[in-house]
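Proteins get letters first, then strands, A, B, ... in listed order; numbering begins at 1 in each. A quick note: this is a predicted structure, and the numbers were derived from the prediction, not measured.
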Amino acid sequence: MSGRFHICSLTALVAVALFVVMSISNSRVCYDFLGNDTPFQPKIDKLEHKNYVETIPSTEVKFEMIAIPGGTFLMGSPAKEAGRADDEGPQHPVQIRPFWMEKTETTWDEYDLYLKEKGVESPEENEKRVKADADAVTGPTKPYADETFGHGREGPRPVLCITHHAVMEYCRWLSAKTGKTYRLPTEAEWEYACRAGTTTAYSFGDDPQKLDEYAWYSKNAEDDTHPVAQKKPNPWGLFDMHGNVAEWCLDVYQKDYYSTFPADKLSLWPVKLPTKARFSHVARGGAWTDDAPKLRSAARLGSNKDWIKRDPQRPQSIWWLTDAEFVGFRIIRPVEEQDNLKGLRSPVTRESPDYDNPKK
Amino acid sequence: MRKESAPSSQSTRRDFLRTTAVAGTALAANWSLIGNVHAAGGDTIKVGLIGCGGRGSGAADNVLHSAPNVKIHALGDVFKDRLDGCRQTLQKIAANDPKIKELGNSVDVPDDRCFLGFDAYQNVIGSGVDYVILATPPGFRPSHLEAAVAAGKNIFTEKPVATDGPGIRKVLAAYEEANKKNLHIVAGTQRRHQASYLESLKRIHDGAIGNIVGGRAYWNQGELWVHPRQTGWSDMEYELRNWYHFVWLCGDHIVEQHVHNLDVINWAIGHPPVRAVGMGGRQVRTGPEYGQIFDHFAVDYEYPNGVHVMSMCRQIPGCENDVSEAVVGSKGYFQTKRGMEIVGETKWRYRSDGQDVDPYVQEHTDLIESIRAGKPINELKTVAESTLTAIMGRMSAYTGKAVKWDQALNSQEDLFPPKLAWDVTLPEPKVPQVGKEKLI
């Protein structure tokens, strides 16, 4: 009885507090965490949801979802971190809502089901599909090569070299299939889950010598991807957050993005929403091709046109990349979706420009 | 035409160097883009595109990125929707792409230089262009090459360059004629313009794997696109829109696609094969929309000195994929399945410095450099040989018989329809009956 009262009053208090201190700055939701004199203290909430196994309906394909508590963390890397790049700062405090994250990188076992069910013979087929039903899930055209680029499917191995758009449509397909909201993690969610409460360069500490225990990267990968979950997981049970394939995030990549955040206010679940441009989006965690610094929790990578350099068709594919054997993805499911991501879908079409700002 | 422009290019180059010294860094930056040829000073290259599908549009975009002073001047196709789509795509790219603007390139294709119909290629060739891109389905290539060479044009031709022996003989005749006229021709076997292959093949030719004793060439992938017949389509419209599945247009996938891998093997060995024994069939392509092409081939190619190369190509979903080549030598081997490496006495792996140029752009850069430097390049013979290598494998698989090089080259099997028109009745595509077909 008293416990129940306590929770109710706490909820009310938080609601009132949020209402009072929330401020909109640069169209981003922030609030003062404790006043300017107090250093930011990260805080991981009590975990109130559980891990589960998802079985894709009418198949035997399963994947595990790890419950990630809500909380706050300092996003980006400190200026003194070894191997750091400029786009990782300044560090800024961020609040994250609870979600589930796929325990491993998404494998061909999962993605192949989507290819089989929604793949099309021609782009016109997608156009017809959308004309008949605006919410229809579109699907990849047939690739003109080996879509695994010699890395294979078995193991199972992570999906690679597919576009951000393809992953977003895959998520819509999976959501419709399962009745749950699956999507790419925001860049903030990804880094929060990768760090798993740590503030070091990697989720196991600062020493790159230990990477071999946790990650596939240039030193041990022997120029190949590897089946998922062969190395040690991070403190929250997520495998291959460092290395194997870099992982697409929902956000548009902007090099100086972090300089737009306040350092003395907590930014609430930030995301830089995808636009109609094909590039550039964030990919995190580094890959089998990368050296140690690129695998750090804060290291950021932005996609670019070179990733599809060898697609000789125009318009180029919006589904398949040709020169990005290092990029894959994993999915998340929000416990409660934030408003600006509800119903979000990829705005990319075959008419999309390469970049929002061609002067770049 | 080229002969006239060669000396003037050289003087332009000297002028350009002087100009650069005065004008400073902006021009110098342009200069560095194409290396050791004159840059901003060159005559504008007017490009005509024949075949406005996805690949033709892509090749036009590639040439616009390849060198300064390039203009897309004319377009030709048989389908209005394809031509319009290509024109829009190119105009949009040219309006927005900073690299194209920086190079001073443009797309200038008014209505009167957009040609439709089976004679569109003639009209493009006659529209005042000096560089044509041939990107229609392969069956048309021999006659397009013949016409472009006859008119004295420099050519970028997509691969493959024919679908049958008579077509290959036409291409080889065009090769000789082009040499006489000092024309410049590059083919869309772009691996020959890709840094990683160039580095690797140089090592092989320098002896890194010793004497070549065998090899493998694979293009095993899932299914490809297909366009089933729509009501209202004539025979011709149907076969052209669904061209991949008709052997007169496509050559079958061993010719249309696997030619890339076979080309690498021929390049490494330095000689085309002397004999082929192949097999193949249609395991999943059973419906009428798949015309008569196969979905898998396996061919044993014999090269001089008893060297054998295993070739496989498959377009069936749910199977082991592999698009790669391997060359085995007395001192090691070379493989391209994942990355590119030489293993054996020499241990080497290609490492990109991250600056690799798109090979689809590089092939145009190489062609334009050869034009502007007045040093003819002519890839028609090698691409014709690689195409015939694939045709020879197909002939063996279709008939079940061994096929020698000369038999393929002198084949009397002419796959092209006697008349090209929208209203002709085309014969029902006949799926080859392996073991019963005659070798023609």
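A side-chain donor from one of Asp97(B) and His65(B) sits under 3.5 Å from a side-chain acceptor of the other. A side-chain N or O of Tyr350(B) and one of Asp356(B) form a donor-acceptor pair less than 3.5 Å apart. There is a side-chain donor-acceptor pair under 3.5 Å between Glu325(B) and Tyr197(B).
For chain B, no part of Glu125(A) is nearby; none of its heavy atoms comes within less than 4.5 Å. Contact annotation for Leu90(B): neither backbone nor side-chain heavy atoms come within less than 4.5 Å of a heavy atom of chain A. Interface residue Glu147(A): backbone and side-chain heavy atoms are both found under 4.5 Å from chain B. Neither the backbone nor the side chain of Arg350(A) comes within contact range of chain B; no heavy atoms are under 4.5 Å apart. Of the atoms belonging to Ser324(B), not a single heavy atom falls under 4.5 Å from chain A. At a 4.5 Å heavy-atom cutoff, the contact between Arg351(B) and chain A is made by side-chain atoms alone. For chain B, the nearby parts of Tyr144(A) are the backbone and the side chain; heavy atoms of each come within less than 4.5 Å. The contact between Pro312(A) and chain B is made by backbone and side chain atoms together, counting heavy-atom distances below 4.5 Å. When heavy atoms are compared at a cutoff of 4.5 Å, Gln194(B) approaches chain A solely by way of its side chain, counted from C-beta outward.
The shortest heavy-atom contact between Trp248(A) and His281(A) is CZ3-CB, 3.6 Å. Shortest non-hydrogen contact noted between Ala145(A) and Trp219(B) is CA-NE1, 3.9 Å.
Contact count against chain A (heavy-atom pairs under 4.5 Å) is highest for Arg338(B) among Gln190(B), Gln257(B), Arg338(B). Interface check for chain A: of the options Glu341(B), Glu256(B), Glu320(B), the most heavy-atom pairs under 4.5 Å are formed by Glu256(B).
Each of Tyr244(B), Tyr290(B), Phe297(B) was checked for a ring pair (Phe, Tyr, Trp, His ring centres under 6.0 Å) with His253(B), and the lone residue meeting it is Phe297(B).
Under 4.0 Å is where a charged nitrogen must lie from a carboxylate oxygen, and between Arg285(B) and Asp295(B) no such pair does. The pair Asp263(B)-Arg192(B) meets the salt-bridge criterion, since a charged nitrogen lies less than 4.0 angstrom from a carboxylate oxygen.
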